[in-house]
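Data first, discussion second: the structure below is written as structure tokens.
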Amino acid sequence: MTEKIAHLLRHGQPDTNVAIQGWVRTKRELKEFTFLEINDGSALANLQVVLEPSLPDYKDLLKKLNTGASVEISGTLAASPAKGQRIELKATTLQLYGEADPETYPLQKKRHSMEFLREIGHLRARTNTFGAVFRVRNACAAAIHQFFQDRDFLWVHTPIISASDCEGAGEMFTVTGFNLNKIPRNEAQEIDYSQDFFGRQAYLTVSGQLEAEVMATAFSNVYTFGPTFRAENSNTSRHLAEFWMVEPEMAFCDLVGDMDLAEAFLKHIFKTVLERCPEDMEFFNQRIDNSVLATADNIINNQFERVTYTEAIALLEKAKKKFEYPVKWGLDLQSEHERYLAEELFKKPTIVTDYPVEIKAFYMRLSDDEKTVRAMDILAPKIGEIIGGSQREERLDVLEQRIINQGLNPKDYWWYLDLRRFGTVPHAGFGLGFERLVQFMTGMGNIRDVIPFPRAPLTVEF
RNA sequence: UGCCAGAUAGCUCAAUGGCGGAGCUGGCGGCUGUUAACCGCAAGGUUGUGGGUUCGAGUCCCACUCUGGCAGCCA
């Protein structure tokens with residue numbers, strides 16, 4: 001039976017016989033024997049394997065054991081006589097599964113740029129950096145489920161195809177069964193979606209929130225965790241056309257409870273990932289961003305700053321820094337303002353609450369002053385907005401008026417309004433961009449490097 | 001989508017309008033319980049695409065394509 005390298009590096013004992021399977025990272029040929037570094041993805045570190053000339057077909061094999069080749073090796077573990085590793089594997093048999101021609105294999109025994117690795121998306125997971133990223137991404141996902149499951153939140157599966165262009169947020173991808181060379185049109189030459197698969201225009205979802213609210217009014221506490229889509233032509237280091245979102249929704253909860261949950265949530269994820277992936281996190285701190293561990297410590301051990309939008313505006317007006325965009329009550333905070341608050345002023349995650357009603361979505365609960373809504377954004381240093389949430393408007397008449405005021409048709413939201421018509425409750429929730437969390441955690445500069453197969457404008461090859 | 005920068009060897013980058021270079025990788029040889037080993041040798045090029053200016057263009061001009069950064073939109 002083969003064992004995972006991560007397990008052997010941690011628990012392997014000298015003089016035990018083991019077998020491993022993995023890919024050659026490097027080969028160092030000496031006169032009397034050869035060192036191989038084998039990686040199977042289970043850990044950042046490689047297992048050092050010692051090949052001696054007594055190995056069958058030693059000379060012939062050596063020529064084929066190049067970076068990228070896949071192998072199964074069995075042998076005996078031994079305490080390493082040299083520094084650099086606790087144990088090593090002395091090979092007795094070696095099976096070569098697949099060679100990797102060193103003349104054409106793109107991954108070299110050297111550092112590559114992220115831009116180059118994006119061009120070989122099918123091979124980049126075999127590098128140290130991407131191995132660490134995707135292990136940490138997995139640990140984040142597991143920690144998220146654990147956090148909610150421990151608190152009796154129900155994981156609800158909201159649809160990927162949706163008819164509601166909810167929130168009026170962003171451009172949406174249309175889902176159609178039409179033959180695009182023969183699209184039915186009506187007399188006005190408009191596309192006739194009544195003849196389409198769903199009988200009306202359908203889209204890829206931009207958020208599971210409305211459906212999560214449906215489920216929260218039956219199960220009290222729920223969360224979604226799945227892909228969402230935006231057809232925006234955004235070309236930045238923190239936007240994707242397809243990304244994963246986490247959206248908890250809680251019945252009988254107000255904005256303070258929402259913020260408390262969000263803060264506990266982020267603390268739990270950072271703590272769990274640090275415990276589970278210490279080597280990977282150390283790697284990020286050394287090679288990617290030397291503030292990663294300090295940031296994690298800051299998140300885990302400090303209270304987040306909480307300010308109202310009105311207070312934030314006052315602080316920005318007092319700031320000595322010159323901003324490109326104006327600071328004025330009623331205008332939305334720009335990236336530079338968010339970064340100033342989180343990075344320079346408070347130097348930690350900052351929750352801004354109670355935004356002007358005009359710049360936020362219709363479903364956010366109107367405050368008694370009728371000028372602000374019970375919304376909150378959590379601003380993270382470097383990343384900007386990582387969580388956006390709100391207490392939802394639970395009053396039917398107020399919600400209907402808000403929909404109308406935003407130029408939307410209440411009829412399109414009939415089932416959403418029914419939630420307020422029948423057994424309405426105060427409720428609140430938030431949305432977390434999963435890739436932004438992984439970015440924040442790892443210090444990776446570009447969001448396209450924290451998702452295995454990034455989708456963005458002109459980017460869909462792998 | 002806007003602004004800015006860039007595209008030269010497999011990778012990362014140099015090259016005053018005048019003979020296209022280096023380091024690394026890969027190849028060959030040597031050496032060593034090695035650690036992204038080390039030493040030596042050789043090899044490696046339609047300078048992103050299409051036009052233009054010029055005696056002469058990697059270099060200057062125009063267009064296009066792609067990449068990166070920032071911004072907008074947002075998570």
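Chain A is the first sequence line, chain B the second, and so forth, proteins listed ahead of strands; every chain is numbered from 1. What you see is a predicted model, and the numbers here were worked out from it, not measured in a lab.
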Check: A:Phe304 ring centre within less than 6.0 Å of A:Phe346 ring centre: no
A:Phe362/A:Tyr413 aromatic ring centres below 6.0 Å: yes
Whole angstrom value for the distance that separates P of B:C74 from CZ of A:Phe430: 20 Å
Sugar-phosphate, base or nothing in reach of A:Asn235, heavy atoms under 4.0 Å: base
Whole-Å gap separating C1' (B:G72) and NE2 (A:His337): 13 Å
Presence of donor-acceptor pair under 3.5 Å, side chain of A:Ser234 and base of B:C74: no
Integer-rounded Å distance: B:A75 P and A:Met376 CE: 12 Å
Rounded interatomic separation in angstrom, taking CZ from A:Arg238 and P from B:A75: 12 Å
Separation of B:A37 P from A:Lys27 NZ (nearest whole Å): 12 Å
Nucleic acid footprint by protein, nucleotides 30-36 of chain B - heavy-atom cut-off 4.0 Å, B for base, S for sugar-phosphate alone: -SBBBBB
Ring centroid separation A:Phe173 to A:Phe229 under 6.0 Å: no
Sugar-phosphate only, base, or nothing, as touched by A:Leu437 at under 4.0 Å among non-hydrogen atoms: nothing
Spacing of A:Phe116 atom CZ relative to B:U25 atom P, expressed in whole Å: 15 Å
Aromatic ring proximity A:Tyr355/A:Tyr309, centre distance under 6.0 Å: yes
A:Asn233 side chain near B:G2 phosphate (N/O to OP1/OP2, under 4.0 Å): no
Sugar-phosphate, base or nothing in reach of A:Phe243, heavy atoms under 4.0 Å: base
Atom C1', compared across B:A63 and B:A7: separation rounded to whole Å: 16 Å
Phosphate-side-chain proximity, A:Thr236 and B:A71, N/O vs OP1/OP2 below 4.0 Å: no
Side-chain donor or acceptor of A:Ser42 paired with backbone N/O of A:Ala6 under 3.5 Å: yes
Spacing of the C1' atoms in B:C28 and B:G44 (rounded, Å): 14 Å
A:Gln334 side-chain N/O to B:G72 phosphate OP1/OP2 under 4.0 Å: yes
Heavy-atom pair of closest approach, residues A:Asp449 and A:Val133: O-CG1, 3.5 Å
Spacing of the P atoms in B:G48 and B:A9 (rounded, Å): 8 Å
Under 3.5 Å donor-acceptor pair, A:Gln108 side-chain atoms to B:G26 base atoms: no
Euclidean distance for C1', B:C39 against B:C64 (whole angstrom): 48 Å
Watson-Crick or G-U wobble partner of B:U16, both distances under 3.5 Å: none
Ring-ring centroid check A:His337 A:Phe323, cutoff 6.0 Å: yes
